[in-house]
Amino acid sequence: MKLKNPPVNSLSLEMLTELVINLEKLENDKAVRGLVLTSEYPGIFSAGLDLMEMCGRNPAHYAEYWKALQEFWLKLYQSSLVVVAAINGASPAGGCLMSLICDYRILADNPKYTIGLNETLLGIVAPFWFKDTMVNTIGHRASERALQLGLLFPPAEALQVGLVDQVVPEDKLQSTALSVMAQWLAIPDHARQLTKTMMRKPTVDHLVKQRDADIQNFVSFVSRDSIQKSLQMYLQKLRQKKS
Ligand SMILES: CCCCCCCCCCCCC/C=C/C(=O)SCCNC(=O)CCNC(=O)[C@H](O)C(C)(C)COP(=O)(O)OP(=O)(O)OC[C@H]1O[C@@H](n2cnc3c(N)ncnc32)[C@H](O)[C@@H]1OP(=O)(O)O
């Protein structure tokens, strides 16, 4: 599955909705057992959540957006398919989250392709289920440091901390993803799927139990004037970077 939402594959409401529909289609197709997630645009895997969905909108929109994001996370995190992320570009915040919910992550070796949950740099906070997903991957101490500092790791450091499973030359990314997929598909589906469910259930249950409260938290947090100002300033900085 190729992410395709120019210019930076930000996770807009429309993109999230399409991703969920496509995932459902693949899950229901008996001929499909695995999925490689990559970007149509080498250089950018995904810029994360679409900041335009979080700026200057009304509470009903924020609630709808957050619910769609939760839905996407729940679908992909619980997917019965083998999901391999072939990360061919920068992967900040929501882009990193999307990689973390896959079963295996391969990052192309390019110093520009940084990955991490950098929310604090925007003056916002990664919600508990982003944090849980990261802790499940790299452990508590490394997550605490990475989350507080909003670290974006270049490939060698991402590998060292365990945020990705493999770093490979850019031209070997897709072939490596396919051989990793073959290795995972050699395991009987039912045994692998039950194991995945068992490993991920506590994290899934944590969000499912608090879904509505989490939406309310997001809406009230993002509606604050101070948060709106931080997001606007961050967007301005992104735009000024060009000039
Ligand atoms: C008490 C506790 C309470 C807790 C309560 C918690 C509640 C929850 C709080 C909220 C939590 C939210 C979690 C958020 C997660 C996120 O994912 S936020 C998004 C973070 N993303 C980023 O920081 C990435 C920003 N982008 C970049 O760094 C770069 O764009 C890039 C991806 C590295 C690509 O660089 P480059 O190729 O140079 O492109 P640019 O020129 O920078 O960008 C092109 C245009 O795209 C726009 N853009 C970039 N990123 C985004 C984005 N994420 N959303 C929307 N738009 C984006 C950029 O502004 C450019 O636009 P134009 O200037 O108009 O062309």
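When a ligand or atom number is given, it counts from 1 through the structure's own listing order.
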State plainly whether the residues [X] and [Y] are in salt-bridge range, i.e. N to O under 4.0 Å.
X: Asp103; Y: Arg200; result: yes
X: Glu53; Y: Arg57; result: yes
X: Arg211; Y: Glu71; result: yes

TODO: Tell me yes or no: between the side chains of Glu27 and Ser80, is some donor less than 3.5 Å from an acceptor?
DONE: yes
Task: Step-by-step salt bridge (charged side-chain N to carboxylate O under 4.0 Å, His left out) determination, Asp214 to Lys209 - done: CA-CA 9 Å; Asp214 180 60; Lys209 269 194 206 126; over 6 Å; no
TODO: Evaluate the side-chain proximity of Tyr104 to Val36: yes if any heavy-atom separation is below 4.5 Å, no if none is.
DONE: no
Tabulating one pair per line, provide the atom names and distances (0.1 Å) for every N/O atom of ligand 1 that is less than 3.5 Å from a protein N/O atom.
residue  : atom   : partner : partner atom : Å
ligand 1 : 17 (O) : Leu49   : N            : 2.8
ligand 1 : 17 (O) : Gly94   : N            : 2.9
ligand 1 : 21 (N) : Ala47   : O            : 2.8
ligand 1 : 23 (O) : Asn118  : ND2          : 3.2
ligand 1 : 23 (O) : Tyr234  : OH           : 2.5
ligand 1 : 38 (O) : Lys241  : NZ           : 3.1
ligand 1 : 42 (O) : Lys241  : NZ           : 2.7
ligand 1 : 53 (N) : Ala47   : O            : 3.2
ligand 1 : 53 (N) : Leu49   : O            : 3.0
ligand 1 : 54 (N) : Leu51   : N            : 2.9
ligand 1 : 63 (O) : Lys242  : NZ           : 3.1
ligand 1 : 65 (O) : Lys242  : NZ           : 2.5

